[in-house]
Undergrad: 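This is the structure I want to talk about, given as structure tokens.
Values reported hereafter were calculated over all heavy atoms of this structure, with side chains retained and with hydrogens, waters and symmetry mates removed. Order of listing sets the numbers, starting from 1, for every ligand and every atom in it.
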Amino acid sequence: MMHVAHILVFVILAVHRHPSVSDATVVLNVNSTASESVVLPCALNRSSIILKDLCFYWQDERKAVLYSFNGEEMPEHVSKVYQDRITAFHHDMTRGNISVKLKDPKLEDTQRVFSVYVLNRKMKSLTHICQITLHVAVPYMTISLVVNEEAMTAVCTTQRGFPEPRVSWRLRHLNSTHRLEVRDAHTTAVQDAGNHLYNTSSTIDIRGGRYRELTCLIYNPTTDVTLYKTHVFNKDKHMCSLPGWAVLLTAALLVTR
Ligand SMILES: *[C@@H]1O[C@H](CO)[C@@H](O)[C@H](O)[C@H]1NC(C)=O
Ligand SMILES: *[C@@H]1O[C@H](CO)[C@@H](O)[C@H](O)[C@H]1NC(C)=O
Ligand SMILES: *[C@@H]1O[C@H](CO)[C@@H](O)[C@H](O)[C@H]1NC(C)=O
């Protein structure tokens, strides 16, 4: 058996020589929520594996090793930044599933690109079989919509989420069933330098029309979740807001549009 250190040197050299994605590489995006463990999936196209013959490792785009397996786990190869954060599934490995689980993903882990390399000892070849880009989100939890019916302006805000959300507005005229998209909203986002979270505020001017209702939508592209809040205009010019807020998948919203 080749010495572990030799394999690793071979592996690292090979990676430097063939850093690109080949046809054999499965390229995936994985979206996750901060602090919730996430499985990084990868599978061999063989189904009956003898663990002592299996040699593979996971590394990120900085070449920091997350997980290394050479007949057995090689914790000494794991980079400090991933120590105690990765678990593998030995039972699934015998069926070719070499996924690992990353505990407690953080915003610093977002956009990390993880690659899995498998060593074929007989062929002395190294195959880049999986490449996974991780997107980590912090869900937006609240949405606030304040409408000034005198000035006919509206402000929609949300706080403490990641990444920057997409804000959109829908306006329904009196005696109309259509909801118009409002295009000239003024939206700004500020990012906290410490925790990287965004606060977002969007303002619109809706003078010059008679409206039935106004909806603000805040979409988190990584969680694929939209928060929305609707304001119903009072014909008597009294403030009247729909109670509460709702979370729904965008797909569900599109159905009602
Ligand atoms: C691989 O194993 C992990 C952990 O058990 C599991 O979450 C995942 O669904 C499996 N993937 C496949 C393709 O079976
Ligand atoms: C975002 O909003 C929260 C809650 O209102 C506030 O505590 C925080 O300071 C704001 N962050 C920035 C960068 O403005
Ligand atoms: C995952 O997150 C990325 C980055 O925000 C986004 O572009 C992509 O659409 C998301 N994928 C899914 C399935 O939600």
Side-chain angles (χ1 to χ4, degrees), residues 24-49 51 54 56-58 61 66-67 69 73 85-114 116 118 129-146 155-168 186-203 216-227 229 245 247-254:
T25 312
V26 174
V27 179
L28 277 181
N29 286 289
V30 169
N31 292 10
S32 68
T33 297
S35 307
E36 284 176 17
S37 293
V38 58
V39 172
L40 305 173
C42 185
L44 300 166
N45 53 11
R46 287 176 284 143
S47 57
S48 159
I49 310 275
L51 289 189
L54 182 63
F56 70 93
Y57 69 102
W58 281 78
E61 79 287 358
L66 291 68
Y67 185 79
F69 190 92
E73 281 190 0
R85 296 187 66 202
I86 303 290
T87 46
F89 309 97
H90 287 190
H91 185 70
D92 296 298
M93 263 184 213
T94 59
R95 295 195 299 258
N97 179 345
I98 55 172
S99 306
V100 294
K101 186 163 80 179
L102 173 66
K103 204 168 79 180
D104 192 20
K106 296 173 172 39
L107 285 186
E108 293 85 84
D109 299 315
T110 201
Q111 311 298 330
R112 281 265 116 81
V113 181
F114 300 112
V116 186
V118 175
I129 64 162
C130 296
Q131 178 179 295
I132 289 156
T133 303
L134 180 68
H135 304 278
V136 182
V138 174
Y140 289 94
M141 302 304 286
T142 58
I143 173 169
S144 136
L145 172 61
V146 176
V155 181
C156 182
T157 55
T158 190
Q159 282 93 29
R160 297 175 171 280
F162 189 93
E164 189 178 336
R166 283 182 221 145
V167 182
S168 58
H186 178 69
T187 302
T188 54
V190 285
Q191 189 177 23
D192 188 303
N195 59 24
H196 309 296
L197 301 181
Y198 287 94
N199 289 356
T200 299
S201 172
S202 182
T203 305
C216 169
L217 303 97
I218 289 183
Y219 176 68
N220 184 322
T222 302
T223 57
D224 196 29
V225 167
T226 301
L227 297 182
K229 192 154 189 181
W245 55 277
V247 181
L248 81 174
L249 290 177
T250 316
L253 187 80
L254 290 175

Undergrad: Just which atoms of ligand 3 are under 4.0 Å from any heavy atom in N31?
TA: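 Ligand 3 atoms under the 4.0 Å threshold to N31: 1 (C), 2 (O), 3 (C), 8 (C), 10 (C), 11 (N), 12 (C), 14 (O).
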Undergrad: N97 heavy atoms, cut-off 4.0 Å: which ligand 1 atoms fall inside?
TA: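 Contacts of ligand 1 toward N97, numbered from 1: 1 (C), 2 (O), 3 (C), 8 (C), 10 (C), 11 (N), 12 (C), 14 (O).
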Undergrad: Assess the side chains of Y219 and D224: does a donor N or O sit below 3.5 Å from an acceptor N or O?
TA: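 The criterion, which ignores hydrogens and geometry beyond distance, is satisfied for D224 and Y219.
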Undergrad: Would you mind reporting whether T142 and Q159 have side-chain heavy atoms less than 4.5 Å apart?
TA: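 Yes, at least one pair of side-chain atoms sits under 4.5 Å.
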Undergrad: At less than 4.0 angstrom from any atom of ligand 2, which residues have a non-hydrogen atom? List them by chain and residue number.
TA: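 Around ligand 2, where the cutoff is 4.0 Å for heavy atoms, the contacting residues are Q159, R160, V190, D192, N199.
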Undergrad: Does an N or O anywhere in T222 fall below 3.5 Å from an N or O of ligand 3?
TA: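 T222 vs ligand 3: N/O contact under 3.5 Å present.
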Undergrad: Does S99 come within less than 4.0 Å of ligand 1, judged by its heavy atoms?
TA: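 It does; at least one heavy atom falls under 4.0 Å.
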Undergrad: Give me the atom names and distance for the closest heavy-atom approach of L107 to H196.
TA: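 Smallest heavy-atom distance, with atoms named: CD1-CB, 4.0 Å.
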Undergrad: So do the side chains of N220 and Y198 get within less than 4.5 Å of each other, counting heavy atoms only?
TA: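 Sidechains of Y198 and N220: no contact.
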Undergrad: Go through it in stages, so that I can follow the logic: the residues are R95 and D92, the test is salt bridge (Lys or Arg N to Asp or Glu O under 4.0 Å), and I'd like the CA-CA distance, side-chain angles, deciding distance and then a yes or no.
TA: CA-CA 5 Å; R95 295 195 299 258; D92 296 298; 2.9 Å; yes
Undergrad: side-chain contact (heavy atoms from CB on, under 4.5 Å) with F69: which of I98, L51, V100?
TA: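 By the side-chain contact (heavy atoms from CB on, under 4.5 Å) criterion, F69 pairs with just one of I98, L51, V100: L51.
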Undergrad: Numbering the atoms of ligand 1 from 1, which are under 4.0 Å from a heavy atom of F89?
TA: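 This gives 4 (C), 5 (O) as the contact atoms.
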Undergrad: So for atom CG, which belongs to N45, do other residues, nucleotides or ligands contribute more than 12 heavy atoms lying within a distance under 6.0 Å?
TA: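 No, the 6.0 Å shell around CG holds no more than 12 heavy atoms from other groups.
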Undergrad: Could you work out, with side chain to side chain donor-acceptor pair (under 3.5 Å) as the rule, every residue matching S99, not counting sequence neighbours?
TA: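 In terms of side chain to side chain donor-acceptor pair (under 3.5 Å), with neighbours along the sequence ignored, S99 is linked to N97.
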